Amino acid sequence: MLQVKVIREEKRRIANGLRKRNWTAKQIRILDQILEKDDQRRATQKALDDMLAENNRLSKQIGQLMGQGKKAEAEAMKAQVSAMKEETKQLEEQFNTLKTELEELLYNVPNCPHKSVPKGSGEEDNKVFKAWDGPLPALPENALPHWDLAKKYQLFDFELGVKLTGAGFPVYRGKGAKLQRALVAFFLDHAIKAGFEEVLPPLLVNEDTARGTGQLPDKEAQMYTFEKDNLYLIPTAEVPVTNILRGEILQEDQLPVKMTAYTPCFRREAGAWGAHVRGLNRVHQFDKVEIVQVEHPDRSYKTLQQMLGHVSRLLKKLELPYRILLLCGGDTGFASAKTFDFEVWSGAQQRWLEVSSVSNFETFQSNRMQLRYRDADGKIQLAHTLNGSALALARIVAALLENNQTPEGITIPKALQKYTGFKIID
RNA sequence: GGAUGGGUGGGUGAGUGGCUGAAACCAUCGGUUUGCUAAACCGACGUACGGGUAACCCCGUACCGCGGGUUCGAAUCCCGCCCCAUCCGCCA
């Protein structure tokens with residue numbers, strides 16, 4: 001959520017940012033509505049506070065009169081305060097309404113894209129930030145897509161998942177299951193080596209937590225919900241991990257806070273099915289190792305680049321061809337100011353698959369969850385939050401299987417062999 | 001799930017209707033003293049929103065788990081919810 005203060009002081013910049021997200025002039029008028037609503041809110045608060053101050057003053061006097069035994073005077077004053085009560089109540093209701101309305105307006109405004117983010121409406125306007133300059137795997141004509149390889153080598157089973165749960169919940173088996181575990185361990189070890197603290201968070205979160213990172217109210221339809229207990233299954237580890245610091249005021253020298261977590265991720269993906277979603281390309285449950293950083297605003301973009309470096313190293317070690325996209329305004333997530341996507345080449349499908357999304361949210365999340373630090377002058381400031389997948393398993397597995405298929409079997413990249421305990425799937 | 005007792009500032013913890021935004025102690029920070037360290041002493045020390053000021057700051061309001069209620073006035077009384085501890089039940 002953007003701060004009203006920022007909208008007021010930098011309305012031009014915010015409006016320009018929204019234009020990059022393809023907002024029309026008409027839509028951008030919401031900024032004026034917000035400022036107007038905030039003016040009303042402040043005026044009402046002033047009136048209410050003055051009223052309450054008067055009430056408090058009189059009440060104190062009543063207490064004193066009572067203490068002095070001046071009962072009649074006290075009673076007269078009581079009547080006076082009682083008379084003001086109705087007006088106070090009205091002001092209070094008005095104030096609460098305005099506050100709620102203001103918040104609802106603010107919930108509709110996405111983050112302002114960073115100045116380096118290109119304008120655009122969708123995928124087609126994303127810029128290739130780093131192209132793949134190496135060779136693509138040379139696979140034979142009859143190369144199998146990963147869903148066929150999975151059948152051939154009994155690595156995972158979708159039909160079985162349907163029996164147990166429903167579509168989009170694969171059951172991994174044998175070397176397929178071991179491969180999952182190996183990748184998780186591989187990713188976690190590298191994150192720990194890069195200075196991230198490993199955490200193993202709950203997979204169910206409450207409403208406050210879902211709100212903190214912006215899943216509520218923006219992306220409610222994306223999450224599985226447990227109405228009876230008022231809990232949500234996490235769509236990414238970002239949600240519980242970033243919220244660890246919700247409401248905290250950190251010391252400046254505690255920044256950056258670096259955390260990593262492996263969790264399964266659950267996504268309803270309602271209405272997202274269609275072409276290109278076979279096999280592991282899109283599933284309701286997948287495993288992911290996430291890296292999260294809470295950083296000083298002055299350093300957050302440098303940190304974003306470092307996170308790109310971290311993910312790049314993982315993909316190099318896995319010997320997967322990859323490219324990095326800088327998302328355009330229209331494709332950048334609601335809460336993000338700047339997002340890079342990583343895509344790996346899926347040899348048999350002959351397409352790039354998104355395996356990681358690395359974002360700087362600036363103060364969009366920290367404002368909502370009041371995640372702050374005390375600067376050198378002792379002033380309290382909102383911290384920047386960042387996160388990235390490092391990495392999401394399902395599609396990595398798809399690419400690994402497809403790209404490494406040989407007549408003898410599927411070879412395992414060298415760096416991964418000590419984790420899998422086998423060099424080939426045959 | 002049942003019973004009982006609790007949820008107060010960074011921590012411990014006092015506070016049963018007005019003098020309490022909240023004692024005291026600890027921690028932290030600044031100062032005095034000191035050959036250095038320690039100790040002692042003095043002082044500062046919550047957050048949000050709003051108002052005033054160029055700023056240091058000053059003022060107002062709200063917040064003692066969350067939400068509602070009673071009252072001129074609520075940390076304190078009443079109701080609902082959440083959470084924690086202990087015991088019982090169940091159990092990986």
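Predicted, not measured: the structure shown is a model, and the values here were computed from it. Chain A is the first sequence line, chain B the second, and so forth, proteins listed ahead of strands; every chain is numbered from 1.
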Notebook entry, point to check: Please walk me through it: do I244(A) and V257(A) pass side chain to side chain contact (heavy atoms under 4.5 Å, CB included)?
Noted result: CA-CA 11 Å; I244(A) 287 173; V257(A) 178; over 6 Å; no
**Prompt:** Using a cut-off of 4.0 Å on non-hydrogen atoms, how would the nucleic acid contact of I62(A) be classed: base, sugar-phosphate, or nothing?
**Reply:**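 Since a base atom lies under 4.0 Å of I62(A), the category is base.
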| query | Which is true for I380(A) with a 4.0 Å heavy-atom rule: it touches a base, it touches only sugar-phosphate, or it touches nothing? | reply |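 Touches sugar-phosphate only.
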Would you kindly give the [atom1]-to-[atom2] distance between [X] and [N], to the nearest whole Å?
| X | N | atom1 | atom2 | value |
| --- | --- | --- | --- | --- |
| Q45(A) | G50(B) | CD | C1' | 4 Å |
| R374(A) | A44(B) | CZ | P | 18 Å |
| K60(A) | C19(B) | NZ | C1' | 9 Å |
| E252(A) | U28(B) | CD | C1' | 17 Å |
| K99(A) | C63(B) | NZ | P | 11 Å |
| E75(A) | C72(B) | CD | C1' | 9 Å |
| D49(A) | G50(B) | CG | C1' | 6 Å |
| R57(A) | U61(B) | CZ | P | 11 Å |

For [N], give its Watson-Crick or G-U wobble partner with both distances under 3.5 Å, or none.
| N | value |
| --- | --- |
| A38(B) | none |
| A92(B) | none |
| G60(B) | C49(B) |
| U76(B) | none |

Measuring to OP1 and OP2 of [N], would you say a side-chain N or O of [X] lies under 4.0 angstrom away?
| X | N | result |
| --- | --- | --- |
| R372(A) | U47(B) | no |
| R41(A) | G50(B) | yes |
| N56(A) | C72(B) | no |

Q.
Can you identify which nucleotide, out of C19(B), G51(B), G60(B), has its nearest atom closest to the A53(A) side chain?
A.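 Nucleotide nearest to A53(A)'s side chain: G60(B).
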I'd like to know if the side chain of Q222(A) pairs up with that of Q215(A) as donor and acceptor (distance under 3.5 Å, no hydrogens or angles considered).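 No, no side-chain donor-acceptor pair sits under 3.5 Å.
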At a heavy-atom distance below 4.0 Å, what parts of residues 198-212 of chain A sit against RNA chain B?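 Heavy-atom contacts with RNA chain B come from no residue of residues 198-212 of chain A; none.
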- Task: Report yes if some heavy atom in the side chain of Q80(A) is under 4.5 Å from a heavy atom in the side chain of M77(A); otherwise report no.
- Result: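 In contact.
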Point to revise | Along RNA chain B (nearest heavy atom to each residue), the more 5'-positioned of K379(A) and G63(A) | key: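 Closest to the 5' end, via its nearest nucleotide, is G63(A).
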Checklist entry - With a cut-off of under 6.0 Å to the ring centre and 45° to the axis, is K338(A) in cation-pi contact with Y301(A)? => result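 Here K338(A) fails the 6.0 Å and 45° test against Y301(A).
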